[in-house]
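See below for the structure under consideration.
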Protein chains: 2
Amino acid sequence: MQLVSIWRIIAAMKHALNHKPDYEKELRKAGVRITRPRRIILDILTSTEDHPDAMKIFHRAIEIDNSISLSTVYRTMNLLEELGAIHRHAFNGGPSRFEQAHGEHHDHLIDIDTGAVIEFKSDKIEKLQLEIAKSLGYDIVHHRLELYGRKLDRPS
Amino acid sequence: MQLVSIWRIIAAMKHALNHKPDYEKELRKAGVRITRPRRIILDILTSTEDHPDAMKIFHRAIEIDNSISLSTVYRTMNLLEELGAIHRHAFNGGPSRFEQAHGEHHDHLIDIDTGAVIEFKSDKIEKLQLEIAKSLGYDIVHHRLELYGRKLDRPS
DNA sequence: ACACTAGTTGCAAAGATTCTCAACTGGAAA
DNA sequence: TTTCCAGTTGAGAATCTTTGCAACTAGTGT
């Protein structure tokens with residue numbers, strides 16, 4: 001056994017002890033049952049850096065538990081989206097892609113040529129949104145702001 | 001021939017002379033070819049009050065020209081959405097429903113209890129969006145801002 | 001009016017997403 | 001721990017949406 005693996009194990013334990021229960025507790029509080037498929041899907045979403053679509057999530061999931069079905073992936077994504085735990089990006093007719101909602105909310109700028117998703121955040125805009133909603137007699141539960149753009153300096 | 005039909009014809013002419021060419025010219029300016037299927041679909045969208053889905057639009061279209069295909073309806077909806085000429089509402093897993101965009105661009109506040117859609121517009125936000133995109137090196141082609149909220153004064 | 005070509009169309013097939021339903025299970029209550 | 005049942009799941013059918021391709025056509029230029 002090599003030393004490096006010890007640190008790996010410690011990191012995994014930290015992860016298991018701190019991170020996972022965090023959002024599972026959150027979800028239970030919201031009345032969501034933590035089932036085996038859901039736990040696996042949540043882990044995938046938590047540990048990924050990219051914005052996978054349902055099929056990609058499904059493939060990663062069946063490597064952990066090959067009994068999970070694609071329907072369940074879709075159902076779980078819809079559930080988590082409604083709860084605000086993930087965001088859905090529908091790009092250019094292609095399949096929806098998902099991303100875990102970080103503690104901090106952020107908005108998206110989508111490159112319509114490449115599909116790249118850039119995250120950004122603007123307190124000014126958030127504040128304006130609150131003002132507008134209030135003036136319409138509403139309280140904002142969540143929002144979605146997507147800018148679709150094209151690189152300024154790209155070679156024609 | 002009855003008198004009433006004369007007024008019908010005049011109304012139709014007014015419509016043909018004023019309304020239709022309006023947005024057709026707009027679209028042509030944007031480099032969109034006005035084909036027979038597109039003209040029919042545009043007419044349907046213009047003259048409807050509800051938010052039909054693709055299948056409903058298709059059925060109305062084939063009553064006018066039964067050679068139109070469902071694919072073309074979908075393609076046209078995607079095209080018009082990209083141009084900002086219509087808005088797509090994906091409600092609760094069901095099929096997408098469409099609505100003609102008024103001349104002015106507007107954003108949406110969606111009541112998460114009733115599903116009601118309220119339109120609004122804020123130059124300040126639009127301006128901020130442009131600034132943000134520019135600072136990220138992008139030019140905005142279009143955007144989508146949706147606030148999901150709940151009435152402030154609703155009885156608990 | 002005619003020819004030309006890039007953009008569109010219809011169709012059928014593929015791909016993405018939701019639905020139906022009988023079997024299963026998380027977690028509350030005893 | 002065991003029971004119990006509302007909520008969840010897997011499988012596949014159904015529905016919704018996009019795509020590939022050969023035929024067609026709007027709009028430009030002659």
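So that the names make sense, note that chain A is the first sequence line, chain B the second, and so on, each numbered from 1.
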Identify every side-chain donor-acceptor pair in residues 72-80 of chain B under 3.5 Å, counting partners at least two apart or on other chains, and give the distances.
unit_1: B:Thr72; atom_1: OG1; unit_2: B:Ser69; atom_2: OG; d: 3.3
unit_1: B:Thr76; atom_1: OG1; unit_2: B:Thr72; atom_2: O; d: 2.7
unit_1: B:Asn78; atom_1: OD1; unit_2: B:Arg88; atom_2: NH2; d: 2.6

- Could you give the distance from CD1 (A:Ile132) to CG (B:Leu147), rounded to the nearest 0.5 Å? 7.0 Å
- Message: Would you say that A:Lys151 contacts B:Tyr138 through its side chain, given a criterion of any heavy-atom pair below 4.5 Å between the two side chains?
- Response: yes
- Query: Are any non-hydrogen side-chain atoms of B:Glu99 and B:Glu119 less than 4.5 angstrom apart?
  - Reply: yes
- Between B:His108 and B:His87, how do the two ring planes meet: parallel, tilted or perpendicular, split at 30° and 60°? perpendicular
- Query: Any idea which heavy atoms bring A:Arg97 and A:His51 closest together, and the distance?
  - Reply: NE-O, 2.9 Å
- Message: Restricting to non-hydrogen atoms, name the atom on B:Tyr148 and the atom on A:Arg144 that form the minimum distance, rounded to 0.1 Å.
- Response: OH-NH2, 3.7 Å
- With DNA chain C as reference, determine whether B:Asn66 or A:Pro95 sits nearer its 5' end, using the nearest nucleotide of each. B:Asn66
- Using the heavy-atom set of chain A and a strict 4.0 Å cut-off, write down the first and last nucleotide of DNA chain D that makes it in, 5' to 3'. D:dA6 to D:dT18
- CD of A:Glu81 versus P of C:dT17: gap in Å, rounded? 12 Å
- Task: May I ask you to test the A:Tyr23-A:Lys25 pair for a side-chain heavy-atom distance under 4.5 Å?
- Result: no
- Message: Please report the distance, rounded to the nearest Å, between NZ in A:Lys56 and P in C:dA16.
- Response: 11 Å
- Task: For each nucleotide in nucleotides 5-10 of chain C, reading 5' to 3', give B when a protein heavy atom comes within less than 4.0 Å of its base, S when such contact involves only the sugar-phosphate, and - otherwise.
- Result: -BBSBB
- Message: I want to check one thing: is the phosphate of C:dT18, taken as OP1 and OP2, less than 4.0 Å away from some side-chain N or O of A:Asn78?
- Response: yes
- To the nearest Å, how far apart are B:Tyr74 OH and C:dA16 P? 15 Å
- Message: If I take atom CZ in residue B:Arg88 and atom C1' in nucleotide C:dT17, what distance separates them, rounded to the nearest angstrom?
- Response: 14 Å
